[in-house]
Asker: 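Structure provided below as structure tokens; questions to follow.
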Amino acid sequence: MKEITLPKASKLTSPNPVTVVCTQKPDGSTNLATVSWWTYLSYNPNMIAYAMAKTSYSGEMVRLNKKVVLTIPGAAISDAVLGCGMTTGCDTDKAAKFGIELTLVEGSSIQIPIHSRVAIVCNLKEYLEVGDHYLYICDVQKVYGDEAEEGVFAWNGYGKIAPAKQGE
Ligand SMILES: Cc1cc2nc3c(=O)[nH]c(=O)nc-3n(C[C@H](O)[C@H](O)[C@H](O)COP(=O)(O)O)c2cc1C
């Protein structure tokens, strides 16, 4: 083996997970941000975590409201989800810009993409400074799933979002 960088390693581990982090803006609308760095943490109690750059608008919103929904996007919105990962919601309504239809799930006032395979409704428990990111540790309130929606993954770093079997 040869020594490589951590970003290069994340390409070698491709396909990596993709979630859409849904947070509420001050006007009540939903901000959508694409995040690969998320993980299950605990089943008892149910907990998950995700890491976002300190500068992200989503981070600002979850630190403010203490509420977030993580969704696994369906294949129908792959390209739109890539767009959500290249634009900040600070001054853009990403759902409108990328044509993502939203809906509500019980137990949350944050809207989520209709085309979601999984939705995990969370309360922020705490966040930790980890280098240039914050790690958001969340208590899971509700979990929803739709097997008819095909889940997607990030290929070649952040280069492409596609189902696992069609990624290359
Ligand atoms: C496939 C993909 C995966 C991404 N994963 C992460 C991630 O794990 N953490 C992160 O901070 N940003 C990640 N990003 C970049 C953010 O989505 C991007 O910075 C976005 O503009 C943040 O939006 P916001 O400012 O509205 O929160 C990813 C982007 C793409 C396309």
Side-chain angles (χ1 to χ4, degrees), residues 5-41 47-100 102 108-113 115-122 124 126-138 149-168:
T5 62
L6 199 56
K8 172 70 179 168
S10 78
K11 288 194 176 180
L12 294 187
T13 57
S14 166
N16 292 314
V18 171
T19 181
V20 173
V21 168
C22 309
T23 51
Q24 200 160 44
K25 296 196 196 188
D27 67 0
S29 67
T30 294
N31 189 46
L32 305 169
T34 311
V35 164
S36 268
W37 296 3
W38 86 275
T39 182
Y40 299 100
L41 285 182
M47 296 178 73
I48 58 100
Y50 65 95
M52 284 199 83
K54 285 178 175 168
T55 51
S56 75
Y57 185 65
S58 303
E60 204 179 316
M61 293 302 103
V62 76
R63 293 194 301 277
L64 184 72
N65 301 322
K66 316 279 185 230
K67 291 191 180 299
V68 61
V69 184
L70 265 63
T71 64
I72 305 306
I77 56 169
S78 302
D79 293 344
V81 170
L82 195 58
C84 289
M86 295 193 276
T87 320
T88 179
C90 178
D91 49 13
T92 303
D93 178 343
K94 294 192 222 180
K97 182 177 166 96
F98 298 110
I100 299 177
L102 301 176
S108 175
S109 61
I110 302 172
Q111 290 190 291
I112 66 161
H115 291 293
S116 297
R117 183 169 169 86
V118 169
I120 306 174
V121 178
C122 301
L124 178 65
E126 60 182 308
Y127 66 97
L128 307 175
E129 187 174 6
V130 284
D132 52 7
H133 283 52
Y134 288 125
L135 178 68
Y136 297 97
I137 299 175
C138 302
E149 294 284 348
E150 192 176 11
V152 292
F153 296 83
W155 290 84
N156 196 26
Y158 291 175
K160 177 177 177 180
I161 294 177
K165 63 182 182 222
Q166 295 169 15
E168 286 292 14

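Numbering of ligands and ligand atoms starts at 1, following listing order. One-based numbering along the sequence shown.
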Asker: Considering only non-hydrogen protein atoms, determine which one is nearest to atom 11 (O) of ligand 1 and report residue, atom name and distance to 0.1 Å.
Answerer: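 Checking every protein heavy atom, the shortest distance to atom 11 (O) of ligand 1 gives Ala53 N, 2.8 Å.
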
Asker: Atoms of ligand 1 less than 4.0 Å from Trp37 heavy atoms?
Answerer: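 Those of ligand 1 that fall under 4.0 Å from Trp37 are 8 (O).
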
Asker: Would you indicate whether the side-chain heavy atoms of Phe98 and Leu32 approach each other to under 4.5 Å?
Answerer: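 Answer no - side chains too far apart.
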
Asker: Backbone N or O of Ser109 within a donor-acceptor pair of the Gln24 side chain at under 3.5 Å?
Answerer: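 Between the backbone of Ser109 and the side chain of Gln24 there is a qualifying donor-acceptor contact (under 3.5 Å).
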
Asker: Quick one: nearest non-hydrogen protein atom to atom 27 (O) of ligand 1, plus distance?
Answerer: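 Heavy-atom neighbour on the protein nearest atom 27 (O) of ligand 1: Ser58 OG, 2.6 Å.
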
Asker: Can you tell me the protein heavy atom closest to atom 25 (O) of ligand 1 and the distance?
Answerer: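 Of every protein heavy atom, Thr88 OG1, 2.8 Å lies nearest to atom 25 (O) of ligand 1.
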
Asker: By number and element, which atoms of ligand 1 are closer than 4.0 Å to a non-hydrogen atom of Tyr57?
Answerer: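 In order of number, 24 (P), 25 (O), 26 (O), 27 (O).
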
Asker: So is Ala51 touching ligand 1 or not, going by heavy atoms under 4.0 Å?
Answerer: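 Checking ligand 1 against Ala51, which is what was asked, there is a heavy-atom contact under 4.0 Å.
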
Asker: Any idea which protein heavy atom is nearest atom 28 (C) of ligand 1, and the distance to it?
Answerer: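 Looking at atom 28 (C) of ligand 1, the protein heavy atom closest to it is Thr34 O, 3.2 Å.
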
Asker: Does Ile100 reach the side chain of Lys94, with side-chain heavy atoms less than 4.5 Å apart?
Answerer: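 The answer is no; the side chains never approach within 4.5 Å.
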
Asker: side-chain contact (heavy atoms from CB on, under 4.5 Å), that's the test. Do Asp132 and Lys54 meet it? Break it down for me.
Answerer: CA-CA 6 Å; Asp132 52 7; Lys54 285 178 175 168; 5.6 Å; no

Asker: Check whether Thr34 reaches the backbone of Val81 with its side chain - one donor and one acceptor, N or O, closer than 3.5 Å.
Answerer: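 Side chain of Thr34 to backbone of Val81: a pair is present.
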
Asker: Within a 6.0 Å radius of atom CG on Asp79, are there more than 12 heavy atoms belonging to other residues, nucleotides or ligands?
Answerer: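 Count not over threshold, so no.
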
Asker: Evaluate Cys122 against Ile48 for side-chain contact (heavy atoms from CB on, under 4.5 Å), listing each step before the verdict.
Answerer: CA-CA 8 Å; Cys122 301; Ile48 58 100; 3.8 Å; yes

Asker: How are the rings of Tyr134 and Tyr127 set relative to one another: parallel (under 30°), tilted (30 to 60°) or perpendicular (over 60°)?
Answerer: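 Perpendicular: the ring planes of Tyr134 and Tyr127 meet at over 60°.
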
Asker: Quick check: Met52 and ligand 1, any N/O pair under 3.5 Å apart?
Answerer: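 Met52 vs ligand 1: no N/O contact under 3.5 Å.
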
Asker: Check contact between His133 and ligand 1, using heavy atoms of the residue and a distance below 4.0 angstrom.
Answerer: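 Right, His133 reaches ligand 1.
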
Asker: Where is the nearest protein heavy atom to atom 15 (C) of ligand 1: which residue, which atom, and how far?
Answerer: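 Heavy-atom neighbour on the protein nearest atom 15 (C) of ligand 1: Gly85 O, 3.6 Å.
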
Asker: Run the contact test for Lys94 against ligand 1 with a 4.0 Å cut-off on heavy atoms, strictly below, and give the result.
Answerer: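 The answer is yes: ligand 1 sits under 4.0 Å from a heavy atom of Lys94.
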
Asker: Suppose we measure from atom 21 (O) of ligand 1 to each protein heavy atom; which comes out shortest, and what is that distance?
Answerer: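 Answer for atom 21 (O) of ligand 1: Thr87 O, 2.9 Å.
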
Asker: Which residue owns the protein heavy atom closest to atom 7 (C) of ligand 1, what's the atom, and how far is it?
Answerer: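 For atom 7 (C) of ligand 1, the nearest protein heavy atom is Tyr158 OH, 3.5 Å.
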
Asker: Do Gly89 and ligand 1 have an N or O pair less than 3.5 Å apart?
Answerer: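 Between Gly89 and ligand 1, an N or O pair is found under 3.5 Å apart.
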
Asker: Tell me whether the count of non-hydrogen atoms from other residues, nucleotides or ligands lying under 6.0 Å of NZ in Lys25 goes above 12.
Answerer: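 Yes, the 6.0 Å shell around NZ holds more than 12 heavy atoms from other groups.
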
